[in-house]
Amino acid sequence: MSTSTKKGPSKETEEQRQARREADRQRAQEAVEALRSSEGWQRWLGLRRHFHRYSLSNQILIAFQMPEASRVAGFRAWLRLGYCVAKGERAIRVWVPMPPAKAQIAEWLEAGGAANDKPRVRFRLGPVFDRSQVTPLPPPAEPVPLDPPIIEPEGDSLGWAFPRLCALAGELGCGVVIERMPDGTGGCFMPELRVISLNEANSVNHQVKTMIHELGHALMRWSIEKGEVELTYSQEELVVESVAYTVCGSIGLDTSDYSIPYLTSWSERTPMEVVERCAAWVDQIAKRIEDCVGDPPGAPLVAAA
């Protein structure tokens with residue numbers, strides 16, 4: 001009578017695991033390096049408006065692999081939404097959590113459950129697919145709508161967002177004044193007075209765009225005064241207009257005509273630590289404003305990753 005013994009992972013399997021982890025790290029590093037160019041920076045910002053609930057690392061990874069992406073999900077998630085990934089499509093890789101196995105948790109609890117010894121959640125690159133890679137399932141499936149509303153630069157359709165932005169200004173101790181200003185002036189932030197001023201001659205949508213930009217300045221000033229960040233004037237302006245570009249995009253307003261001139265000065269000679277620091281501040285400040293504004297009416301639900 002013979003017995004069989006379950007074999008543990010072989011040396012080759014461990015080598016493959018290490019190779020995969022190294023490949024994951026390399027891909028993530030290449031994605032961050034792409035931010036150093038003006039083109040790479042704009043590509044990330046353009047994509048971020050669709051993925052502002054995602055982690056900064058995953059935003060950068062998606063931008064590096066498929067800059068035209070606008071919504072991603074896993075294979076099974078697309079099926080639940082009423083779509084199927086088309087045959088032959090190549091997956092986009094993003095960081096996904098790998099929680100510890102139930103057996104690991106049970107073993108940890110049996111050993112006393114010390115906080116320092118708790119099994120950690122690990123991350124690995126897992127597959128997702130963009131909406132351009134899927135097709136609607138036939139009836140009786142009912143595919144969910146994926147397109148957000150389109151907002152024209154001139155008009156008042158963003159009136160719902162304005163009081164929410166004013167509320168954020170109040171949280172920062174800033175007043176908001178709408179007044180007559182010289183032609184071509186959208187507005188300004190006066191840090192010494194803690195006042196955001198907007199041009200009354202502009203449309204509501206334009207005022208919303210300007211308000212987001214000036215709130216970016218207010219949030220930067222607030223952080224600078226607390227000693228949390230050190231940036232040059234040009235770096236601060238780049239961060240603030242990057243915030244305005246991506247936040248406006250997240251509510252359906254295209255501000256390329258206003259924002260792109262600010263974003264073309266990014267230098268490939270800029271140290272990587274400065275690039276990463278600026279990207280982190282863009283994402284952090286933008287998320288603060290986006291959390292305040294919330295979703296536009298009729299926007300489809302999108303999960304975070």
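Predicted, not measured: the structure shown is a model, and the values here were computed from it. Side chains are part of it too, since the values below use all heavy atoms of this structure and drop only hydrogens, waters and symmetry mates.
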Any chain of hydrophobic side-chain contacts (each under 4.5 Å) joining [X] to [Y]?
X    : Y    : value
L137 : F129 : yes
W160 : I178 : yes
L56  : Y245 : yes

Under-4.0 Å salt bridge between D283 and K287: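 K287 and D283: salt-bridged.
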Would you give the length of the straight line joining atom [atom1] of [X] to atom [atom2] of [Y], rounded to the nearest 0.5 angstrom?
X    : Y    : atom1 : atom2 : value
L35  : F64  : CG    : CZ    : 10.5 Å
E241 : C248 : CD    : SG    : 8.0 Å
D130 : H50  : CG    : NE2   : 9.0 Å
R93  : M66  : CZ    : CE    : 12.5 Å
L172 : R288 : CG    : CZ    : 5.5 Å
L198 : E214 : CG    : CD    : 7.5 Å

Check against side-chain contact (heavy atoms from CB on, under 4.5 Å), V240 and F189: CA-CA 12 Å; V240 169; F189 169 59; over 6 Å; no
My understanding is that only residues two or more places apart in sequence, or in another chain, count here; which of them pass salt bridge (Lys or Arg N to Asp or Glu O under 4.0 Å) with R221?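 Scan of R221 (salt bridge (Lys or Arg N to Asp or Glu O under 4.0 Å), adjacent residues dropped) gives E236.
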Among residues at least two apart in sequence or on other chains, which ones pass salt bridge (Lys or Arg N to Asp or Glu O under 4.0 Å) with E107?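 Not a single residue meets the salt bridge (Lys or Arg N to Asp or Glu O under 4.0 Å) criterion with E107.
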Return yes if some donor-acceptor pair links the side-chain N/O of Y83 with the main-chain N/O of Q133 below 3.5 Å, else return no. no
Taking Q59 for its side chain and W44 for its backbone only, find out whether a donor-acceptor pair lies under 3.5 Å. no
Is it true that atom CD of E273 has more than 12 heavy atoms of other residues, nucleotides or ligands lying nearer than 6.0 Å?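 Buried by this count: over 12 neighbours within 6.0 Å.
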Does atom CD of Q65 have more than 12 heavy-atom neighbours, drawn from other residues, nucleotides or ligands, at distances under 6.0 Å?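 Check passes, neighbour count above 12.
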With heavy-atom distances below 4.5 Å as the criterion, would you say the side chains of N58 and F51 are in contact? no
When you look at I289 and L219, which way does the side-chain contact (heavy atoms from CB on, under 4.5 Å) test go after all the steps? CA-CA 9 Å; I289 299 174; L219 284 163; 3.8 Å; yes
Pair E30-Q26, side-chain donor/acceptor within less than 3.5 Å: yes
Compute whether any side-chain donor of one residue and acceptor of the other, for S203 and N205, lie under 3.5 angstrom apart. no
Verdict with reasoning, E237 to H217, per side-chain hydrogen bond (donor to acceptor under 3.5 Å, both in side chains): CA-CA 8 Å; E237 195 63 33; H217 274 301; 3.3 Å; yes
So L158 and I251, side-chain contact (heavy atoms from CB on, under 4.5 Å) or not? Walk me through it. CA-CA 9 Å; L158 290 176; I251 58 177; 4.0 Å; yes
What do the steps show when you test C84 against L79 for side-chain contact (heavy atoms from CB on, under 4.5 Å), and what is the final call? CA-CA 6 Å; C84 183; L79 291 177; 4.2 Å; yes
Shortest non-hydrogen contact from V293 to A161? CG1-CB, 4.2 Å
